[in-house]
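Since the model is a prediction, treat every value here as computed from it, not as a measurement.
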Amino acid sequence: MEKKHVSAFELYQNAVLASTPEVKTSSVKVLWEVQCGEISGVALDSLLSDLAKVSNSRVRASKLFQWLIHPIPSKSFFRDAWEKKPVLIKRQNPDYYKGLFSTAEFDRILRRDDVQYGVNLDVTSYRNGKRETHNPPGRALPFTVWDFYESGCSLRMLNPQAFSSTVWNVLSILQEHFGSMAGANMYLTPPGTQGFAPHYDDIEAFVVQLEGKKHWRYNSQKEIGKPILEAVLEAGDLLYFPRGFIHQGDCLTDAHSLHITVSSYQRNSWGNLLAKVVPAALEMAMEEDVDFRGGLPVDYLTYMGVQNSDKEDPRRAQFLSRIEGLMKKLATFAPVDAAVDQKARGYLHDCLPPMLTAEERASSVQGAPSRWENGEPVDMGVAIRGQIRVRLVRSGIARLCSDGEAVWLYYTADNSRVYHKEEPKSVEIKAEHTDAMEFLIHAYPKFVTVGSLPCKLAEDKVSLAELLFKRGLIHTAEPLQQS
């Protein structure tokens with residue numbers, strides 16, 4: 001009897017189904033403490049290979065996130081813990097995250113790549129209540145870096161995704177699940193030391209323990225006192241904590257610690273959106289509504305302001321009532337969609353470029369056969385025709401935005417793996433292409449023929465497809481053939 005092949009992801013899905021009943025979300029107060037030993041045989045590289053076969057990038061992102069927090073169901077996590085409370089997952093499986101990153105890979109990066117102190121790597125210590133940074137100028141070479149480590153300093157790599165293709169792949173997938181940039185820092189701490197003072201961050205953090213172990217204490221958002229969570233993370237464990245929680249980690253004396261913190265949702269709050277909405281709404285209101293242009297009372301300085309805040313003066317109540325009325329009226333001028341697009345442009349600039357699968361690469365501009373041979377360019381005859389089926393490379397790779405005068409397509413395909421190393425990438429979309437671009441965006445994950453794009457002229461359909469193909473934003477259902 002032929003043995004049926006079971007993929008890494010199928011094995012993972014079976015484990016989720018088998019273990020999910022053990023999680024009782026109704027009893028969660030501060031954290032979950034669960035085990036994931038059932039899927040010890042699933043290597044990360046095999047999981048990523050199987051995920052590459054998932055054609056919808058949104059589904060791919062959802063499945064990878066579920067693997068990250070397994071066995072807690074994603075829906076339960078976002079309902080009960082996200083932005084609310086820390087979550088601890090104790091796996092008793094040191095190999096669960098094996099392959100994501102390691103001290104051996106860090107050492108290879110130091111030897112191979114141009115790692116700069118202060119840009120890519122920080123050397124830190126926290127002794128006797130004092131936090132110090134010890135960065136010398138220039139390149140971080142192995143001899144100096146490991147000398148700092150031997151002297152008890154912690155090492156923080158600020159952007160491992162710029163050097164590790166696996167970290168890049170994981171983050172570029174996860175960012176689509178969050179709808180916000182996913183970043184990472186690596187922390188390597190010697191035994192018996194601490195690299196950072198108690199602090200809080202403005203991100204949602206997932207502490208992924210890769211090697212050794214580390215002792216963590218988490219306090220409320222208000223004060224440092226008795227911790228609401230205290231635990232030792234061992235390899236394979238995960239600790240999530242929301243932004244604003246005060247935390248600190250120290251290494252036990254019997255082992256070093258290597259962990260990566262995956263982060264997201266920085267500057268992604270309602271307040272951050274309103275910071276874009278309100279100024280634009282006020283500018284519009286002052287142009288269109290005389291009430292906002294009316295002059296302030298000539299004597300308002302005599303009863304308003306801090307020095308007058310304790311006065312019992314009916315004019316104060318009238319003044320505040322007028323402010324309240326204008327604020328309510330201001331909401332009617334709020335250009336919410338335009339502000340969301342402004343936020344989206346920032347998000348696309350923050351994002352990592354997609355790490356293409358082998359299939360995506362073969363059927364995109366990166367797999368085009370054009371090359372230099374025998375003193376001249378060859379295989380330049382690849383052509384896009386009406387019957388060719390295309391779609392966006394990823395769901396979130398591009399977005400249409402208008403500045404009031406023109407329509408622009410912002411995209412991530414040409415972003416750098418180094419945060420904001422490049423300027424935002426965009427291309428103006430002609431009026432005859434706008435409807436077709438919207439059609440392509442909303443058609444994902446389906447492939448559509450170039451001929452079905454809603455343009456009046458056939459040449460407009462082809463010219464848009466050629467533009468998007470050259471920019472690396474679409475790929476074809478099958479690799480293109482020579483014309």
Sorted by chain and residue number, the side-chain contact (heavy atoms from CB on, under 4.5 Å) partners of Glu359 (sequence neighbours excluded) come out as Thr357
Query raised in the report: Do any N or O atoms from the side chain of Thr124 and from the backbone of Thr133 form a donor-acceptor pair under 3.5 angstrom?
Result: no
Nearest heavy-atom approach of Ala436 to Leu464 is CB-CD2, 3.5 Å
Sorted by chain and residue number, the salt bridge (charged side-chain N to carboxylate O under 4.0 Å, His left out) partners of Lys425 (sequence neighbours excluded) come out as Glu422
Residue pairs passing the ring-ring contact (aromatic ring centres under 6.0 Å, His included) test with at least one member in residues 97-120, sequence neighbours excluded, are Trp67-Tyr97, Phe106-Trp146
#### Entry: Arg345/Asp341 salt bridge by N-O under 4.0 Å criterion
no
- Task: List the steps and the verdict of side-chain contact (heavy atoms from CB on, under 4.5 Å) for Asp350 and Gln266.
- Result: CA-CA 11 Å; Asp350 293 344; Gln266 189 175 47; over 6 Å; no
Query raised in the report: Any donor-acceptor pair under 3.5 Å linking the side chain of Ser263 with the backbone of Glu204?
Result: no
So side chain to side chain donor-acceptor pair (under 3.5 Å) across residues 173-186, not counting sequence neighbours, yields Ser57-Glu176, Asn185-Tyr187
Separation between CG (Asp107) and CG (Leu188), nearest 0.5 Å, reads 10.5 Å
More than 12 heavy atoms from other groups under 6.0 Å of OH on Tyr200 = no
Note to self: Atom CD of residue position Glu423 - does it have more than 12 heavy atoms of other residues, nucleotides or ligands inside 6.0 Å?
What the structure shows: no
Does Glu360 pair with Arg394 as a salt bridge, N-O distance under 4.0 Å?
yes
Exercise. Between His247 and Pro86, is any pair of side-chain heavy atoms under 4.5 Å apart?
Worked result: no
Please confirm whether the ring centroid of Phe241 lies under 6.0 Å from the ring centroid of Phe206. no
Check your understanding: Is the side chain of Asn415 donor-acceptor paired with the backbone N or O of Leu352 at a distance under 3.5 Å, no angle test?
Key -> no
Given the rule in the side-chain contact (heavy atoms from CB on, under 4.5 Å) test, do Glu432 and Asp460 qualify, once you have shown the distances and angles that lead to the verdict?
CA-CA 7 Å; Glu432 58 266 29; Asp460 289 336; 3.8 Å; yes
Shortest non-hydrogen pair, Pro353 vs Ser416, comes out as CD-O, 3.6 Å
Could you label the plane-to-plane angle of the Trp82 and Tyr265 rings as parallel, tilted or perpendicular, counting under 30° as parallel and over 60° as perpendicular? perpendicular
Note: Leu210 and Ala235 closest approach over all heavy atoms is O-CB, 3.5 Å
Rounding to 0.5 Å, atoms CG (Leu100) and CG (Asp45) come to a distance of 11.5 Å
NE2 (His70) and CD (Gln66) are apart, to the nearest 0.5 Å, by 8.0 Å
task = Answer yes or no: is there a side-chain heavy-atom contact under 4.5 Å between Leu356 and Val393?
result = yes
- Heavy-atom distance under 4.5 Å between the side chains of Ile384 and Phe469, does that happen here? yes
ask   = Just by modelled atom types, is the Leu51 backbone N or O under 3.5 Å from a matching donor or acceptor in the Arg60 side chain?
value = yes
Does CD in Glu373 sit with more than 12 non-hydrogen atoms of other residues, nucleotides or ligands closer than 6.0 Å?
yes
Heavy atoms of Val145 and Ala140 approach each other most closely as CG2-CB, 3.7 Å
_Looking at Ser172 and Trp168, would you say the former's side chain and the latter's main chain have a donor-acceptor pair under 3.5 Å?_
yes
Residue pairs meeting side chain to side chain donor-acceptor pair (under 3.5 Å), one or both in residues 433-443, sequence neighbours left out, come to His433-Ser463
Exercise for the section: In plain terms, say whether Lys214 and Glu234 are close enough for a salt bridge, that is, a side-chain N and a carboxylate O under 4.0 Å apart. Expected result: no
dist Ile203:CD1 -> Met181:CE (nearest 0.5 Å) comes out at 9.0 Å
**Asked** Would you say the side chains of Asp147 and Thr144 form a donor-acceptor pair under 3.5 Å?
**Response** no
### Query
Is the ring centre of Phe65 less than 6.0 Å from the ring centre of Phe78?
yes
Is it true that a side-chain atom of Asp113 and a backbone atom of Val115 form a donor plus acceptor pair closer than 3.5 Å? no
Checklist entry - Between His475 and Ser364, does any side-chain donor sit less than 3.5 Å from a side-chain acceptor? => result no
### Query
So does Lys343 have more than 12 non-hydrogen atoms from other groups sitting under 6.0 Å from NZ?
yes
* Any donor-acceptor pair under 3.5 Å from Arg91 side chain to Asp237 backbone -> no
The reported gap from CG in Asn120 to CZ in Arg156 (rounded to nearest 0.5 angstrom) is 12.0 Å
Hits for salt bridge (charged side-chain N to carboxylate O under 4.0 Å, His left out) against Arg112, two or more places apart or cross-chain, chain-then-number order -> none
Self-check item: Steps toward side-chain contact (heavy atoms from CB on, under 4.5 Å) verdict (Leu141, Leu110)
Solution: CA-CA 6 Å; Leu141 293 169; Leu110 292 176; over 6 Å; no
Point to revise | Stepwise side-chain hydrogen bond (donor to acceptor under 3.5 Å, both in side chains) test for Ser164 and Glu105 | key: CA-CA 8 Å; Ser164 166; Glu105 183 174 6; 3.2 Å; yes
Donor-acceptor contact present, side-chain Asp403 to main-chain Ala406, <3.5 Å: yes
List the steps, then state whether side-chain contact (heavy atoms from CB on, under 4.5 Å) holds for Val407 with Leu400. CA-CA 7 Å; Val407 176; Leu400 277 176; 3.6 Å; yes
Requested in this report: Answer whether the closest heavy-atom distance between the side chains of Arg58 and Tyr444 falls below 4.5 Å.
Outcome: yes
**Asked** Would you find a donor on one side and an acceptor on the other, under 3.5 Å apart, between the side chain of His420 and the backbone of Val418?
**Response** no
Note to self: Less than 4.5 Å apart, side chain to side chain, heavy atoms only: is that true for Leu158 and Val119?
What the structure shows: no
Please check: side-chain N/O of Asp50 versus main-chain N/O of Leu47, any donor-acceptor pairing under 3.5 Å?
no
In the structure I gave you, are the side-chain heavy atoms of Pro479 and Arg361 within less than 4.5 Å of one another anywhere? no
So do Val448 and Arg389 actually touch side chain to side chain, heavy atoms under 4.5 Å? no
- Are more than 12 heavy atoms from other residues, nucleotides or ligands located less than 6.0 Å from atom CG of Asp114? yes
query = Below 4.5 Å, heavy atoms only, C-beta onward: do Ile72 and Val87 meet side chain to side chain?
reply = yes
dist Ile397:CD1 -> Tyr411:OH (nearest 0.5 Å) comes out at 10.0 Å
_I'd like to know whether NZ of Lys84 has more than 12 heavy-atom contacts from other residues, nucleotides or ligands below 6.0 angstrom._
yes
